[in-house]
There are 2 protein chains.
Amino acid sequence: MALAYDGAIQRLIDAFGHLPGIGPKGAQRIAFYILSAPEDEARELAEAIEEVKAKIRFCDTCGNVCESSPCPVCLDPRRDRSVICVVEEPKDVMSIERTREYRGLYHVLGGAINPMANVGPSDLKIAGLIKRLESTGADEVKEVILALDPNIEGEATASYLSQLLRPSGVKITRLASGLPVGSDLEYADEITLGRALAGRREA
Amino acid sequence: MALAYDGAIQRLIDAFGHLPGIGPKGAQRIAFYILSAPEDEARELAEAIEEVKAKIRFCDTCGNVCESSPCPVCLDPRRDRSVICVVEEPKDVMSIERTREYRGLYHVLGGAINPMANVGPSDLKIAGLIKRLESTGADEVKEVILALDPNIEGEATASYLSQLLRPSGVKITRLASGLPVGSDLEYADEITLGRALAGRREA
């Protein structure tokens, strides 16, 4: 016996080992869990993987992932069509939905400008955003919220977009930077604390 | 839009969320990874899951997982058939193989005695072990190494087995307890340190 499992088990461990956040030990643990799990649970997982590849596509309007385009958010008549929240990834849409504070539409760029990873403006869904801002009537956009990650790539993308969109005359806003709720002033890094100071509001 | 993803994505996140060591955030990260991964990689993962359920079985001799029984270890003519190493799980076989210190056979119990989880001796593959000890000639077993986990369940199982096997006259050994290599005496718990003292050897 070599230092690997018999055929199928090793292939399963290897396949799981490629996934983000799963190391060799975790992959082994999952493989043995699947081995002893009910047939149904294993089949469900395998089918879910194949289903997601077969069914999921991007919304032609907002770029979010969905099963049919336009996506449920773009189709929802109760959403406020005058506000578009621009995010990097589909999971950011879910994060904002969870706040239950936002009732507008979204635009998913599919990433952020990152010269180190060779991602430029043309690799992001920016053209579609411009096109959406040109619509008039009931669908007229009055505000674009740039909800990008507060890191170098997100900041660069936000600067690029706000320069690009300024001529359109639409109101452009950014998420507030500051101390996370429940955090401790003592442990805040100086940049965050600086932003919190600069963005101070009347109590 | 409810606070869940569109159909197939949510099903994939849920399916991954059931696996050991994967939380909701990790499941979401993996689902989006699969969504953007090449078709081939996703199919490989789905097929590996189904293949492991279809192909993998237990060796009738040693109880280890394998694609055909007897398993490659039991069939290997270079292995020393006079020593059987008793372990709890198939992954323990791999851990011992990795040491490259052991050339005997294995016996996988499929767990340890654990009254809290309703696992008694009859739930483990102990009858098969007894039967293997009764063979004579070239296959005669001279030593049984109890390589069980150094926790309450493992210790209970080891005590039970050593009482059960003593009448057979075969030599019964246990793995040494002591300080892990590379560890620090200062941080060793008192039970481990006690065992290391009790098991001290001449330098």
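Residue numbers begin at 1 in each chain, while the letters A, B, ... track the order of the sequences.
- B:R11 has a carboxylate O that lies under 4.0 Å from a charged side-chain N of A:E51, or vice versa, which qualifies the two as a salt bridge.
- Under the 4.5 Å side-chain criterion, counting only non-hydrogen atoms from C-beta, A:F16 is not in contact with B:I22.
- Among B:E44, B:E39, B:E47, the residue with the largest count of heavy-atom pairs under 4.5 Å with chain A is B:E39.
- Residue pairs meeting the side-chain hydrogen bond (donor to acceptor under 3.5 Å, both in side chains) criterion with at least one member in residues 19-32 of chain A, sequence neighbours excluded, are A:Y5-A:Q28.
- Under the 4.5 Å side-chain criterion, counting only non-hydrogen atoms from C-beta, B:I56 is not in contact with A:L12.
- Interface remark: A:E41 contributes side-chain atoms only to the contact with chain B (heavy atom separation under 4.5 Å).
- Considering only heavy atoms from C-beta on, A:F32 stays 4.5 Å or farther from B:E89 through its side chain.
- Heavy atoms closer than 4.5 Å to chain A are found in the side chain of B:K55, but not in its backbone.
- Here ring pair (Phe, Tyr, Trp, His ring centres under 6.0 Å) pairs that include residues 49-68 of chain B, with residues two or more places apart or in two chains, number zero.
- Residue contact with chain A, scored on non-hydrogen atoms closer than 4.5 Å, is absent for B:I13.
- The choice from A:P20, A:C66, A:A15, A:P90 that makes the most heavy-atom pairs within less than 4.5 Å of chain B is A:P20.
- Of the residues considered (A:G7, A:C71, A:G26), A:G7 shows the highest number of contacts with chain B, using heavy-atom pairs under 4.5 Å.
- Other residues, nucleotides and ligands contribute only 12 or fewer heavy atoms inside 6.0 Å of the CD1 atom of A:I191.
- Each of B:V65, B:L35, B:D14 has some count of heavy-atom pairs under 4.5 Å with chain A, and the biggest count is that of B:L35.
- Other residues, nucleotides and ligands contribute more than 12 heavy atoms inside 6.0 Å of the CZ atom of A:R174.
- At a heavy-atom separation below 4.5 angstrom, chain A is approached by no residue within residues 149-160 of chain B.
- Minimum interatomic distance between A:L19 and B:I30 (heavy atoms only, all atoms of both residues): CD1-CG2, 3.7 Å.
- Note that CG of A:L45 and CD1 of B:I49 are 3.5 Å apart. Values are rounded to the nearest 0.5 Å.
- Between the side chain of B:E50 and the backbone N or O of A:A46 there is no donor-acceptor pair closer than 3.5 Å.
- Among residue pairs with one or both ends in residues 111-121 of chain A, none qualify as side-chain hydrogen bond (donor to acceptor under 3.5 Å, both in side chains); sequence neighbours excluded.
- Atoms CD1 and CG, from A:I9 and B:N64 in turn, are 7.5 Å apart once rounded to the nearest 0.5 Å.
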